[in-house]
Amino acid sequence: MVVGWRCAVCGTLVDIDTPLVFSCPNRTTDDPYHVLHLVTAGREPAPTEGQNPFDRYLDRLSVTAFAAHFGVDVGRLGELIEPVVDDFVVTPFARSDRLSDEVGAHVWVKDETGQVAGSHKARHLVSTLAHLLVAEHVGLLPSRPPLAIASCGNAALAAATLARRVEWPIDVYVPTWMGDAFGGELDDLGARVHRSERRAADPPGDPAIHRFREAVADGAIPFTVQGPENAWCLDSGRTIGWEIADAARTAGVDLDRMVVQVGGGAFAACVAAGLGSHTRLDTVQAEGCAPLAAAWHRLTPDDDPAVVWSRAMRTWDRPASLADGILDDETYDWVAVARAMRASRGRPIVAAERDIVAAHELAAAAGFDASPTGTAGLAGLLAVRDELDPHQDVAVVMSGVAR
């Protein structure tokens with residue numbers, strides 16, 4: 001079970017019964033290199049039956065331990081969060097003959113395009129909203145501060161979708177180039193959209209992130225899929241890893257390799273946490289934006305990523321790729337991802353743009369309605385197909401409905 005959080009950098013401990021803590025207490029504007037990771041004790045509770053991941057794995061989530069401390073049992077917790085999680089599903093996991101023939105290995109696909117809001121992103125946000133609902137229920141949150149997120153893609157859509165279900169106000173900070181059509185979708189969901197121009201005094205990095213951080217400093221809740229900003233996203237995101245592990249076990253498959261697309265890194269961190277280190281984790285970024293691979297190659301064998309974070313992870317200049325949903329100019333959760341790759345003997349893959357394009361076309365031909373971002377894991381397989389064994393079982397995730 002989850003007993004709390006520990007900062008991967010400074011070691012600060014936060015007990016699980018501490019409300020409304022989303023980032024390391026020692027994290028500041030001048031020293032942002034901190035991130036809380038989960039601390040667990042004992043064996044993971046067995047999953048229950050059912051086709052909703054937040055019924056199946058509820059006993060493993062940090063919000064369950066938090067709620068129990070305040071006398072809210074699992075039954076009551078389920079009632080509180082039911083409006084949020086009602087139509088989440090355990091998504092399909094199956095071998096694709098078409099992709100296997102093309103890649104030259106046994107390719108298994110976890111298809112998240114049928115998940116809430118069309119991608120895996122909503123999974124990550126459930127724990128945060130559940131935590132807030134429990135805190136509100138027991139009197140620790142007398143009013144509802146606005147939720148805040150910086151995104152112009154699947155994370156924003158997921159955040160606005162979940163916020164609307166419980167009528168929680170949400171501000172979405174987006175770049176100036178966001179398309180009007182997507183802005184209209186956010187408007188329809190009741191989100192307040194803020195186009196974020198670069199200011200002369202801004203430091204390097206995404207101006208939407210800067211405006212988001214300013215909002216959080218003014219009291220907004222970081223409703224985001226970036227562990228340093230909101231550690232709770234690293235909790236419920238693990239459900240996808242647990243599902244893959246359970247489905248592979250049911251199919252009698254011992255996965256050799258998991259290849260996961262990386263933008264901010266929380267997705268890969270959660271898949272790895274759910275799968276465990278016995279499955280090799282490889283990560284994929286596009287050649288037009290590969291800050292994780294660059295940081296990885298700055299590490300020496302003795303370096304702890306948490307210790308050298310400020311030196312190794314640098315902002316990528318002018319990100320560009322058809323896979324625009326993984327163009328984060330830094331990999332925020334790289335500490336967890338780098339540690340998982342090391343533990344499983346994996347590595348980062350940089351996919352050429354031709355592989356990004358080819359993967360999207362191949363996935364569509366194989367019947368997957370995913371965006372170029374959502375098929376980027378397959379691009380990683382195409383990039384390394386020469387090193388795959390035809391008897392290997394490898395897995396990718398398709399996520400993000402094509403628009």
Side-chain angles (χ1 to χ4, degrees), residues 1-41 61-63 65-66 69 124 127-128 131 135 148 150 203-206 209-210 212-238 262-270 272-273 277 281 283 291-292 294-296 298-315 328-343:
M1 65 177 292
V2 177
V3 297
W5 312 88
R6 177 184 290 111
C7 180
V9 177
C10 69
T12 294
L13 290 169
V14 177
D15 290 338
I16 196 60
D17 58 0
T18 308
L20 308 177
V21 173
F22 302 100
S23 60
C24 175
N26 291 327
R27 187 171 184 260
T28 66
T29 301
D30 294 331
D31 181 19
Y33 306 107
H34 294 262
V35 60
L36 295 176
H37 287 168
L38 290 161
V39 179
T40 59
L61 297 179
S62 55
V63 69
F66 173 77
H69 180 82
H124 294 271
S127 276
T128 303
H131 176 74
D206 184 353
I209 289 286
H210 300 324
F212 154 79
R213 288 173 176 163
E214 290 166 359
V216 172
D218 287 339
I221 300 293
F223 197 50
T224 185
V225 186
Q226 297 156 339
E229 312 286 351
N230 178 8
W232 286 85
C233 79
L234 301 176
D235 178 37
S236 49
R238 295 179 296 160
V262 166
F267 179 36
C270 287
S277 60
L281 175 70
T283 58
L292 176 59
W296 176 267
R298 293 184 188 111
L299 296 175
T300 71
D302 296 328
D303 281 339
D304 179 350
V307 174
V308 300
W309 187 345
S310 62
R311 171 178 65 79
M313 177 55 64
R314 302 175 191 171
T315 302
D328 301 70
D329 59 4
E330 63 178 289
T331 306
Y332 305 103
D333 281 290
W334 90 287
V335 171
V337 177
R339 286 177 171 178
M341 286 192 292
R342 274 189 171 172

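Numbering of residues begins at 1 and proceeds along the displayed sequence.
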Peer 1: Please name the pair of heavy atoms, one in Tyr33 and one in Ser310, separated by the smallest distance, quoted to 0.1 Å.
Peer 2: CE1-CB, 3.3 Å

Peer 1: Would you say the side chain of Pro19 lies within less than 4.5 Å of the side chain of Phe66, judging by non-hydrogen atoms?
Peer 2: yes

Peer 1: Please evaluate residues Val21 and Leu36 with respect to the criterion side chain to side chain contact (heavy atoms under 4.5 Å, CB included), reporting the C-alpha separation (whole Å), side-chain torsions for both, the decisive distance (0.1 Å), and the verdict.
Peer 2: CA-CA 10 Å; Val21 173; Leu36 295 176; 4.1 Å; yes

Peer 1: Report the distance from atom CZ of Arg298 to atom CZ of Arg314, rounding to the nearest 0.5 Å.
Peer 2: 4.0 Å

Peer 1: Is there a side-chain contact between Thr283 and Leu292 in this structure, where contact means two heavy atoms from C-beta onward sitting under 4.5 Å apart?
Peer 2: yes

Peer 1: Please confirm whether the backbone N or O of Trp232 pairs with a side-chain atom of Thr128, one donor and one acceptor, at under 3.5 Å?
Peer 2: no

Peer 1: Under the ring-ring contact (aromatic ring centres under 6.0 Å, His included) rule, collect the residues that match up with Phe223, sequence neighbours excluded.
Peer 2: none

Peer 1: Before giving the answer on side chain to side chain contact (heavy atoms under 4.5 Å, CB included), spell out for Val39 and Trp5 the whole-Å C-alpha distance, their side-chain angles and the decisive distance to 0.1 Å.
Peer 2: CA-CA 5 Å; Val39 179; Trp5 312 88; 5.6 Å; no

Peer 1: Side chains of Thr40 and Val3: closer than 4.5 Å at any heavy-atom pair?
Peer 2: no

Peer 1: Step by step, work out the side chain to side chain contact (heavy atoms under 4.5 Å, CB included) result for Ile209 and Arg213.
Peer 2: CA-CA 6 Å; Ile209 289 286; Arg213 288 173 176 163; 3.4 Å; yes

Peer 1: Distance only, no hydrogens: is a donor on one side chain within 3.5 Å (strictly under) of an acceptor on the other, for Asp303 and Thr300?
Peer 2: yes

Peer 1: Please find the pair of heavy atoms, one from Leu20 and one from Ala135, that lie closest to each other, and give the distance.
Peer 2: CD2-CB, 4.3 Å

Peer 1: Which atom names give the shortest non-hydrogen contact between Val337 and Gly265, and what distance separates them?
Peer 2: CG2-O, 3.3 Å

Peer 1: So how far is it from Ser23 OG to His34 NE2, rounded to the nearest 0.5 Å?
Peer 2: 10.0 Å

Peer 1: Is there a side-chain contact between Trp309 and Val307 in this structure, where contact means two heavy atoms from C-beta onward sitting under 4.5 Å apart?
Peer 2: no

Peer 1: For the residue pair Arg342 and Pro305, what are the closest heavy atoms and their distance?
Peer 2: NH1-CD, 3.9 Å

Peer 1: Starting from the C-alpha separation in whole Å, work towards a yes-or-no answer on side chain to side chain contact (heavy atoms under 4.5 Å, CB included) for Leu234 and Asp333.
Peer 2: CA-CA 9 Å; Leu234 301 176; Asp333 281 290; 3.9 Å; yes

Peer 1: With a 4.5 Å heavy-atom cut-off, do Ser62 and Met1 have their side chains touching?
Peer 2: no

Peer 1: Show the nearest heavy-atom pair for residues Val262 and Ala268, with the distance to one decimal.
Peer 2: CG2-CB, 3.8 Å

Peer 1: Can you confirm whether Asp329 sits close enough to Pro291 that some side-chain heavy atom of one is under 4.5 Å from a side-chain heavy atom of the other?
Peer 2: no

Peer 1: Between Asn230 and Thr224, do the side chains contain a donor N or O and an acceptor N or O under 3.5 Å apart?
Peer 2: no

Peer 1: With rounding to the nearest 0.5 angstrom, report the CG to CE distance, Leu299 to Met341.
Peer 2: 8.5 Å

Peer 1: So, do His37 and Val35 sit near enough that their side-chain heavy atoms are less than 4.5 Å apart?
Peer 2: yes

Peer 1: Tell me, do Glu229 and Phe212 make a side-chain contact under 4.5 Å, heavy atoms counted?
Peer 2: yes

Peer 1: Are any of the side-chain nitrogens in Asp304 or Arg339 under 4.0 Å away from the carboxylate oxygens of its partner?
Peer 2: yes

Peer 1: Is Arg238 reaching over with its side chain to a backbone N or O of Asp235, donor-acceptor style, under 3.5 angstrom?
Peer 2: yes

Peer 1: List in chain and number order the residues that pass side chain to side chain donor-acceptor pair (under 3.5 Å) with Arg6, two or more places apart in sequence or in another chain; answer none if no residue qualifies.
Peer 2: none

Peer 1: Rounded to the nearest 0.5 Å, what separation is found between the CE atom of Met313 and the CH2 atom of Trp334?
Peer 2: 5.5 Å

Peer 1: Which heavy atom in Gly227 sits nearest to a heavy atom in Cys233, and how many Å separate them?
Peer 2: N-SG, 3.7 Å

Peer 1: OG1 of Thr29 to NE2 of His210: how many Å apart, nearest 0.5 Å?
Peer 2: 11.0 Å

